[in-house]
Asks: 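Right, I'll just put the structure down here and ask away after.
The residues of the chain are indexed from 1 along the displayed sequence. This is a predicted model, so every value here is computed, not measured. Both counts, for ligands and for their atoms, begin at 1 and track the order of listing.
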Amino acid sequence: MNDLATLKSDMEGCSRCSHCKWVPMAQIKSWRFAKICPSVDRYNFHAYSGGGKLIASNSILEGRSEVTDPVMEIVYRCQLCGACQVSCQAYRDDIDLADVLLALRAKCVTEGYVLPEHLLMIESMKKEDNTLGLLKADRGVWAKDLDLIDINTQKVEVLFHAGCRYSYDEDLRSSVRNWVRLFRNAGVDLGAAGPEESCCGGRAFEMGYQGEMKNFAEDMIGRIKASGAKLLVTPCSDCYYTFKYLYPKNGMDAGLRVLHAVEYADLLIKQGRLKLGKCASLRVTYHDPCHLGRRGEIYKMGWNGVNKLHRPVRFKQMGNLGIFDPPRNVIRSIPGLDLVEMERIREYSWCCGAGGGVLEAFPDFADWTARDRIEEARAAGAEAIVTACPWCERVFKDAIAAGGDPMKVYDVIDLITMSWGG
Ligand code: SF4
Ligand code: SF4
């Protein structure tokens with residue numbers, strides 16, 4: 001990660017303009033859905049915003065203030081959704097908010113200011129290689145009878161990485177199994193690591209346990225290289241972000257192409273290798289997962305040239321190069337589905353609420369954030385909210401079940417399966 005001197009220019013550069021609380025002006029469609037930061041919207045105090053956290057970090061990272069319980073609340077009641085970064089960069093091109101937020105969490109962890117719920121997750125990751133506190137031996141159960149190639153003993157072309165949530169969440173099991181069936185239908189030579197698959201480590205990194213991710217990455221990269229795979233496909237947006245951004249940013253190279261399952265499905269449809277059927281008439285809206293959308297932007301090295309007319313710039317995620325069109329292309333290619341858009345979409349999306357360790361430590365805040373998104377889907381006239389991330393799906397499903405809401409929730413694969421009559 002960046003050193004203190006680099007972070008310093010971000011922290012001191014904040015002009016206290018508060019744009020990081022709002023959708024950029026030109027993109028606002030209504031007052032009701034004009035806000036972009038769940039943290040400051042929920043807790044209504046400047047310190048919870050991206051800019052507020054920059055000010056706190058400026059003092060804490062230099063050791064001029066201490067982390068206290070109220071500071072911990074501010075640091076961790078944040079989904080690390082990246083929306084503040086995108087809004088800030090609509091006006092400023094020289095601040096990397098995301099890096100500062102990550103550094104602040106790492107500092108808290110180094111100094112022992114940790115949340116018990118996060119510690120539980122880290123213990124589970126160390127002991128059972130997953131974020132959900134379940135047995136490692138059960139990790140491959142989801143793939144029972146699918147006859148996936150075992151990459152621990154055979155070489156494969158394409159490696160399927162299910163991720164922790166899809167491996168263990170029984171409610172979402174049919175989705176992950178259907179992704180495998182879909183790629184099989186397209187003739188893809190697909191393998192998986194079964195019980196040997198482990199967490200990508202991205203969640204640990206975001207919660208401030210940066211060293212933990214390195215351990216998982218080394219393990220993961222060793223297994224990928226031994227498999228001979230040329231392509232890694234994952235249906236989990238969190239894992240996607242970790243492989244595509246966090247690993248390379250931290251100098252770890254898996255040496256293969258990485259695609260999210262919806263990107264791969266879109267590609268196979270365009271190549272004529274995958275045919276979709278028809279769905280019963282349904283009006284749907286697509287929720288961009290933060291880690292596939294604005295935070296799914298690939299990591300690129302900063303410009304390092306000598307052109308004196310331009311100052312060297314570090315690479316920052318602008319958000320607009322994330323994965324936005326492939327899921328929409330897939331949805332639009334299914335006759336019967338009517339795709340309507342919410343007000344906050346693509347890099348300006350509202351978070352589902354689950355990220356940054358919020359679902360684990362502050363489920364009430366995750367639920368509040370998810371409900372705001374469901375409200376937005378309803379305002380768009382949608383009967384169903386569709387996403388491409390098991391974490392978003394989980395938090396939406398739970399919010400809907402708790403509130404007795406008629407809104408339906410699907411993963412893109414569920415719509416594809418429905419189009420085949422499944
Ligand atoms: S972080 Fe950026 S958008 Fe937010 S107050 Fe500071 S300069 Fe303004
Ligand atoms: S990362 Fe998201 S929740 Fe956290 S301060 Fe930025 S916009 Fe708010």
Asks: How far is atom 8 (Fe) of ligand 2 from the closest protein heavy atom, and which atom is that?
Replies: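 The protein heavy atom lying closest is C37 SG, 2.3 Å.
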Asks: What's the separation between atom CZ in F243 and atom CG in D238, rounded to the nearest 0.5 Å?
Replies: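 F243 atom CZ to D238 atom CG measures 11.0 Å (nearest 0.5 Å).
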Asks: Can you check whether M407's main-chain N or O pairs, donor with acceptor, with E383's side chain at less than 3.5 Å?
Replies: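 Side chain of E383 to backbone of M407: no pair is present.
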Asks: In terms of side-chain geometry, is the basic nitrogen of R203 or E206 positioned less than 4.0 Å from the acidic oxygen of its partner?
Replies: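 The answer is no: the pair does not qualify as a salt bridge.
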Asks: At a 4.0 Å threshold, what atoms of ligand 1 neighbour a non-hydrogen atom of S15?
Replies: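 Here the atoms of ligand 1 in question are 6 (Fe), 7 (S).
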Asks: Do NZ/NE/NH1/NH2 and the carboxylate oxygens of D41 and K35 come within less than 4.0 Å?
Replies: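 The answer is yes: the pair qualifies as a salt bridge.
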Asks: Taking only heavy atoms of L54, which atoms of ligand 1 are found under 4.0 Å from at least one of them?
Replies: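 Matching atoms, with element in brackets: 1 (S).
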Asks: Counting non-hydrogen protein atoms only, what is the nearest one to atom 4 (Fe) of ligand 2? Give residue, atom name and distance.
Replies: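 In this structure, atom 4 (Fe) of ligand 2 has C78 SG, 2.3 Å as its nearest protein heavy atom.
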Asks: So does D372 pair up with R344, basic N to acidic O under 4.0 Å?
Replies: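 Yes, this pair counts.
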Asks: For ligand 1, which part of K21 has a heavy atom less than 4.0 Å away: the side chain, the backbone, both, or neither?
Replies: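 Neither; nothing of K21 gets under 4.0 Å from ligand 1.
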Asks: Under 4.0 Å from a heavy atom of Q79: give me the atoms of ligand 2 that qualify, with their elements.
Replies: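 Contacts of ligand 2 toward Q79, numbered from 1: 3 (S).
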Asks: Out of all atoms in ligand 1, which are within 4.0 Å of some heavy atom of S18? Include the element for each.
Replies: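 Checking each atom against S18, I get 5 (S), 8 (Fe).
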Asks: Just jot down the ligand 1 atoms closer than 4.0 angstrom to any heavy atom of C17, in number order.
Replies: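 Here the atoms of ligand 1 in question are 3 (S), 5 (S), 7 (S), 8 (Fe).
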Asks: Closer than 2.8 Å to atom 6 (Fe) of ligand 2: does that hold for any N, O or S atom in C84?
Replies: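 An N, O or S atom of C84 is closer than 2.8 Å to atom 6 (Fe) of ligand 2, so yes.
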Asks: Using atom types as modelled and distance alone, determine if a side-chain donor or acceptor of R77 lies under 3.5 Å from a backbone N or O of V358.
Replies: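 No; zero donor-acceptor contacts below 3.5 Å.
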Asks: Starting from atom 2 (Fe) of ligand 1, which protein heavy atom do you reach first, and at what distance in Å?
Replies: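 Answer, as residue, atom name and distance: C88 SG, 2.4 Å.
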Asks: So, do W391 and Y241 have ring centers that fall under 6.0 Å from each other?
Replies: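 No, too far apart.
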Asks: Is the distance between the ring centroids of Y76 and H118 less than 6.0 Å?
Replies: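 That pair passes the under 6.0 Å test.
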Asks: Are any N, O or S atoms from C81 nearer to atom 2 (Fe) of ligand 2 than 2.8 Å?
Replies: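 Short answer: yes, at least one N, O or S atom is under the cut-off.
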Asks: Show me which atoms of ligand 2 lie under 4.0 Å from any heavy atom of K53.
Replies: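 Those atoms are 5 (S).
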Asks: Please state which protein non-hydrogen atom is closest to atom 6 (Fe) of ligand 1 and give its distance, to 0.1 Å?
Replies: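 Going atom by atom, the protein heavy atom closest to atom 6 (Fe) of ligand 1 ends up being C14 SG, 2.3 Å.
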Asks: Quick one: does ligand 1 sit under 4.0 Å from the side chain of S49, the backbone, both or neither, non-hydrogen atoms only?
Replies: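 Under 4.0 Å from ligand 1, S49 contributes no heavy atoms.
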Asks: Could you verify whether a donor N or O on one side chain and an acceptor N or O on the other, from R139 and Y168, lie under 3.5 Å apart?
Replies: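 Looking only at side-chain atoms, Y168 and R139 do not form any donor-acceptor pair under 3.5 Å.
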Asks: Given R42, which of W368, F362, Y48 fulfils the side chain to side chain contact (heavy atoms under 4.5 Å, CB included) condition?
Replies: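 Among W368, F362, Y48, the one that satisfies the side chain to side chain contact (heavy atoms under 4.5 Å, CB included) with R42 is W368.
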Asks: Which protein heavy atom lies closest to atom 3 (S) of ligand 1, and at what distance to 0.1 Å?
Replies: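 For atom 3 (S) of ligand 1, the nearest protein heavy atom is C20 N, 3.3 Å.
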